[in-house]
Chemist: 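Structure in structure tokens, see below.
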Amino acid sequence: MATTRTLGRITKALLAPALALGATVGLASAPAQAAVWNSCDQWGNTNLNGYTLYNNIWGSGAGSQCVWANSGTNWGVWANHPNTGGIKSYPNSKKVINKTIASLGSLTSNYNVTVPSSGAYNTSYDIWDTDYDYEIMLWVNYNGAVGPLGTSQGSVTLGGHTWNVYKGSNGVNEVFSFLRTSDSSSGSVNIKPILSWISGTKGWMSSSETIGDVQFGYEITSSSGGLDFRTNDLTVSSS
């Protein structure tokens with residue numbers, strides 16, 4: 001069930017701004033939208049309304065993928081990746097926080113998505129500290145042959161959801177994955193209690209770690225024939 005996650009996504013996510021004008025992957029067009037921005041470039045990215053959008057095709061054996069955006073909180077992806085193993089991409093919208101866990105008064109998010117019934121993917125938050133030593137993933141839905149890194153740590157109810165928790169490492173950073181016990185296409189997540197549970201209750205990281213990026217998007221393994229992933233609404237708020 002588990003899908004092996006490589007180091008490429010971390011390295012290439014860090015390089016993405018410098019490579020934004022890199023090679024176009026495929027000739028597929030984004031679906032018709034009244035979009036203010038779209039890109040089929042491998043590392044295509046832009047800033048809209050305080051969010052950064054990334055096309056972010058990072059895995060080997062990837063096909064074509066295009067991202068479009070009406071705003072930083074309303075955007076989508078058309079992806080045609082072959083039915084093979086391994087994560088091909090993580091198109092996402094990112095909000096920068098830059099506060100320590102201890103100093104965060106609140107960190108919340110609302111999401112509303114439309115995702116396909118076929119393919120292999122997860123819809124997830126990807127939360128990083130500023131040194132990229134720790135990665136916290138919150139899967140709100142998933143489909144097909146995908147799974148988290150690491151070993152099961154049981155279940156916990158936090159932030160308004162019940163999650164199956166996994167802890168592992170990809171060789172560069174620790175990965176804490178929270179998989180919602182039932183799929184959800186819309187809802188609210190209170191992220192701060194999850195971070196406090198990791199750092200306080202479990203002691204897996206220090207509360208002095210600074211949370212840098214809160215990303216939300218689609219970790220796509222396969223989408224053969226072309227599938228649409230739509231973020232109808234997304235907000236990330238902190239204090």
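All values below were derived from every heavy atom in this structure, side-chain atoms included, with hydrogens, water molecules and symmetry-related copies excluded.
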Chemist: For a 4.5 angstrom cut-off between non-hydrogen side-chain atoms, does Val36 reach Ser71?
Modeler: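 Heavy-atom side-chain distance check fails, nothing below 4.5 Å.
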Chemist: For residues Thr162 and Thr157, is any side-chain donor paired with an opposing acceptor at under 3.5 Å?
Modeler: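 There is such a pair between these side chains.
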Chemist: Taking only residues two or more places apart in sequence, or in another chain, which ones meet Phe229 in a ring pair (Phe, Tyr, Trp, His ring centres under 6.0 Å)?
Modeler: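 Partners of Phe229 under the ring pair (Phe, Tyr, Trp, His ring centres under 6.0 Å) test: Tyr121, Tyr218.
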Chemist: Within the distance-only criterion (no hydrogens, no angle test), does the side chain of Glu135 pair as donor or acceptor with the backbone N or O of Trp128 below 3.5 angstrom?
Modeler: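 Not a single qualifying donor-acceptor pair exists.
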Chemist: Are the side chain of Asn141 and the backbone N or O of Ser184 linked by a donor-acceptor pair below 3.5 Å?
Modeler: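 Between the backbone of Ser184 and the side chain of Asn141 there is a qualifying donor-acceptor contact (under 3.5 Å).
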Chemist: I'd like to know if the side chain of Asn232 pairs up with that of Thr114 as donor and acceptor (distance under 3.5 Å, no hydrogens or angles considered).
Modeler: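 Checked: Asn232/Thr114 side chains pair up, N/O donor to acceptor below 3.5 Å.
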Chemist: Treating Asp129 as the side-chain partner and Asp131 as the backbone partner, does any N or O pair qualify as donor plus acceptor under 3.5 Å?
Modeler: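 Pair found, side chain donor or acceptor close to backbone of Asp131.
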Chemist: Counting distance only, does the side-chain N/O of Ser222 pair as donor-acceptor with the main-chain N or O of Ser224 below 3.5 Å?
Modeler: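 Here the side-chain-to-backbone pair does not exist.
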Chemist: If we ignore hydrogens and angles and just use 3.5 Å, is the side chain of His81 paired with the main-chain N or O of Gly226 as donor and acceptor?
Modeler: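 No, His81 side chain to Gly226 backbone: no donor-acceptor pair under 3.5 Å.
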Chemist: Do the side chains of Leu104 and Ile97 get nearer than 4.5 Å, heavy atoms only?
Modeler: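 Yes, at least one pair of side-chain atoms sits under 4.5 Å.
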Chemist: Should Ile136 and Leu195 count as side-chain neighbours, where that means a heavy-atom distance under 4.5 Å?
Modeler: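 The answer is yes, as the side chains (C-beta and beyond) meet within the 4.5 Å cut-off.
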Chemist: Sequence neighbours left out, what pairs pass side-chain hydrogen bond (donor to acceptor under 3.5 Å, both in side chains) with at least one residue falling in residues 197-213?
Modeler: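 Qualifying pairs, neighbours excluded: Tyr132-Asp213, Ser206-Ser208.
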Chemist: If the condition is ring pair (Phe, Tyr, Trp, His ring centres under 6.0 Å), which residues does Trp37 pass it with, not counting sequence neighbours?
Modeler: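 Ring pair (Phe, Tyr, Trp, His ring centres under 6.0 Å) check on Trp37 returns nothing, list empty.
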Chemist: So do Gln42 and Trp58 actually touch side chain to side chain, heavy atoms under 4.5 Å?
Modeler: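 Not touching, per the 4.5 Å side-chain cut-off.
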Chemist: Any side-chain heavy atom of Ile191 within less than 4.5 Å of one from Ile127?
Modeler: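 Yes - at least one pair of side-chain heavy atoms lies under 4.5 Å apart.
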Chemist: Under 4.5 Å between any side-chain heavy atoms of Val189 and His161, yes or no?
Modeler: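 Yes, side chains in contact.
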Chemist: Spell out, as yes or no, whether a donor-acceptor pair under 3.5 Å connects the side chain of Lys88 to the backbone of Gly86.
Modeler: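 Here the side-chain-to-backbone pair exists.
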Chemist: Do the non-hydrogen side-chain atoms of Val115 and Asn143 ever get within less than 4.5 Å of each other?
Modeler: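 No, their side chains stay 4.5 Å or more apart.
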Chemist: When you measure from the side chain of Asn83 to the backbone N and O of Ser223, does any donor-acceptor pair fall under 3.5 Å?
Modeler: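 Judged by distance alone, no pair lies under 3.5 Å.
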Chemist: Over 60° means perpendicular and under 30° means parallel, so classify the ring planes of Tyr125 and Tyr111, tilted if in between.
Modeler: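 The arrangement is perpendicular - the two ring planes meet at more than 60°.
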Chemist: Do Lys94 and Val214 come within less than 4.5 Å of each other through their side chains, counting heavy atoms only?
Modeler: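 No. Closest side-chain heavy atoms not under 4.5 Å.
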